[in-house]
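Residue numbers begin at 1 in each chain, while the letters A, B, ... track the order of the sequences. Side chains are part of it too, since the values below use all heavy atoms of this structure and drop only hydrogens, waters and symmetry mates.
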Amino acid sequence: MTGRAAVLGALGALLLIAACDQRMIKQDKDIVWGESKLFEDGKVVQAPPPGTVARGELAYEATLGERPAMSAALLARGQERFDIFCSPCHSRLGDGEGMIVQRGMPHPPSFHSQRLREAPDEHFLQVIANGYGAMYSYASRVPPTDRWAIVAYIRALQLSQNVEVAALPADARERLEGAGR
Amino acid sequence: MIAAAASVVGLLVVGGGVVRSDYMTRQDVVREQPVPFSHQHHVAGLGLDCRYCHTSVEESATAGFPPTHTCMTCHSQIWTDAPLLEPVRKSLATGTPLRWTWVNKLPQFVYFNHSIHVAKGVGCVTCHGRVDTMPLMRRAQPLLMQWCLDCHRNPAPNLRPREAVFDMTWTPPADAEAFGKTLVERYHIDVGNLTHCYICHR
């Protein structure tokens with residue numbers, strides 16, 4: 001008798017567990033990066049039709065036309081973005097000896113050449129947006145305001161390797177002389 | 001009767017255990033992928049920042065899957081005829097995205113936002129584990145509601161300075177508890193608010 005009760009109880013419990021069908025985990029809605037039943041190519045994230053101008057896009061692109069004022073915050077942002085997107089090839093120093101170059105990527109020019117020291121800001125903006133040689137475009141990864149920040153930081157890097165000792169602030173000059181160089 | 005009750009309780013206990021098991025949560029289960037991409041190689045070996053590929057993690061709900069264009073930024077030049085990368089080259093040539101298997105997938109009634117976690121000092125490692133040690137990707141945490149709530153009730157132990165969010169090897173200072181509390185204040189984290197239902201379910 002107790003055996004039968006145990007079996008019945010177990011069956012009852014099985015029914016309880018069977019009720020734990022959590023259908024809401026997967027709903028009939030499209031989620032970013034998921035698969036779409038609505039669009040033929042199966043992508044949820046669709047490219048806008050050709051010629052579309054997104055709201056705010058013109059103002060966003062317009063920031064490329066005007067050089068932002070130099071500030072410590074701009075340089076800090078530039079350093080962060082440079083280290084993320086540029087340093088793999090250009091190295092944190094900007095000499096083009098980055099890790100990916102060591103693994104076989106063609107050597108990019110050093111930022112510390114006379115040619116690139118004299119290059120206008122627009123040159124770097126163009127290269128970030130459109131690529132250059134083996135370098136792909138970074139337009140989709142680095143937004144316009146960040147491109148300016150990176151250009152500012154490239155200028156700081158160039159200065160770091162090519163500055164008159166007399167132009168250094170007193171404390172930096174003292175440290176340099178203390179290092180005996 | 002006692003036997004019946006015992007078997008009900010037993011099954012519920014076993015059932016509860018199964019639901020929380022790695023088998024069900026898929027924790028630490030390596031998933032099949034179209035390309036055996038190694039985070040260990042790209043993060044620890046090459047030193048790439050998480051944001052090089054997951055570009056939207058600071059501004060969006062999702063961290064973003066890199067388009068094939070990102071892979072080919074380097075692989076148009078490196079390992080150009082490696083058979084393992086054939087699906088990547090084909091994807092670029094045909095404009096068809098790679099179909100990765102989702103590793104950290106949440107139930108669709110959960111509205112998770114990466115950007116707010118990053119902005120408030122939750123490190124990538126806290127939820128995704130040391131991906132720099134994972135040759136193949138796996139889920140590092142169970143992603144159960146209990147696990148989310150543990151942190152939403154008491155976030156301090158899981159916070160780090162914003163500058164260290166993407167750092168794989170950051171460790172808290174000796175006075176970790178006090179340090180976490182200062183971060184709760186610095187980032188204006190309203191702890192009592194974090195356990196409201198609508199925070200995650202909308």
Side-chain angles (χ1 to χ4, degrees), chain A residues 1-18 20 22-35 41-43 45 47 76 80-81 83-89 92 98-106 131 133-143, chain B residues 1-16 18-19 41-42 45-56 58-67 69-80 95-97 99-100 102 105-111 163 166 201:
Chain A
M1 193 57 207
T2 49
R4 183 177 290 179
V7 170
L8 279 177
L11 284 175
L14 266 179
L15 272 177
L16 279 177
I17 288 176
C20 297
Q22 298 173 342
R23 281 179 189 278
M24 283 177 73
I25 282 181
K26 188 156 176 26
Q27 301 168 16
D28 272 342
K29 64 180 180 185
D30 284 353
I31 51 167
V32 183
W33 308 115
E35 198 168 345
D41 61 6
K43 287 191 272 188
V45 186
E80 186 190 68
R81 298 292 124 174
D83 286 349
I84 296 169
F85 293 107
C86 315
S87 72
C89 289
R92 295 203 166 192
M99 181 58 95
I100 310 301
V101 174
Q102 294 172 39
R103 301 297 174 95
M105 193 78 184
M135 176 180 157
Y136 272 27
S137 161
Y138 278 71
S140 64
R141 290 171 262 186
V142 183
Chain B
M1 201 55 218
I2 293 170
S7 60
V8 169
V9 169
L11 261 174
L12 287 177
V13 167
V14 170
V18 168
V19 168
H41 169 67
H42 289 85
L46 302 176
L48 292 183
D49 189 285
C50 309
R51 294 164 286 183
Y52 187 89
C53 302
H54 303 291
T55 51
S56 60
E58 291 168 300
E59 296 99 38
S60 303
T62 79
F65 285 97
H69 182 267
T70 300
C71 312
M72 293 300 282
T73 303
C74 298
H75 289 295
S76 62
Q77 302 288 333
I78 297 172
W79 297 108
T80 48
T96 316
R99 287 176 174 232
W100 300 99
W102 216 316
K105 198 169 194 177
L106 290 169
Q108 292 189 2
F109 46 76
V110 176
Y111 291 79
E163 314 81 78
F166 300 94
H201 306 293

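- Only the side chain of B/Pro97 comes within less than 4.5 Å of a heavy atom of chain A; its backbone N, CA, C and O stay farther away.
- Contact detail for B/Gln77 and A/Ala134: the closest heavy-atom pair is NE2-CB, 3.5 Å.
- Among all heavy-atom pairs drawn from A/Gln27 and B/Gln108, the shortest one is N-OE1, 2.9 Å.
- For A/Ile31, the part lying under 4.5 angstrom from a heavy atom of chain B is the side chain only.
- Contact between A/Arg141 and B/Thr70 at its shortest, heavy atoms only, is NH1-CG2, 3.9 Å.
- Contact between A/Met24 and B/Phe109 at its shortest, heavy atoms only, is O-CD2, 3.3 Å.
- At a 4.5 Å heavy-atom cutoff, the contact between B/Trp102 and chain A is made by side-chain atoms alone.
- The two residues A/Trp33 and B/Gly64 have their closest heavy-atom pair at CZ2-CA, 3.6 Å.
- Atom NE2 of B/His69 and atom OH of A/Tyr136 lie 6.0 Å apart (nearest 0.5 Å).
- If you measure heavy-atom distances from A/Glu35 to chain B, the contacts under 4.5 Å come from the side chain alone.
- Your options are B/Thr55, B/Thr62, B/Thr96, and the one with the most heavy-atom pairs under 4.5 Å with chain A is B/Thr62.
- Only the side chain of A/Lys43 comes within less than 4.5 Å of a heavy atom of chain B; its backbone N, CA, C and O stay farther away.
- Heavy atoms of B/Leu46 lying under 4.5 Å from chain A belong to its backbone as well as its side chain.
- Here the closest heavy-atom approach between residue B/Thr73 and residue A/Tyr138 is recorded as CG2-OH, 3.3 Å.
- A/Pro88 is listed as a side-chain neighbour of B/Leu48, based on a closest heavy-atom distance under 4.5 Å.
- Chain B forms the most heavy-atom pairs under 4.5 Å with one residue out of A/Ile100, A/Val45, A/Val142, and that residue is A/Ile100.
- Within 6.0 Å of atom CG in A/Asp41, more than 12 heavy atoms from other residues, nucleotides or ligands are found, so the atom counts as buried in its surroundings.
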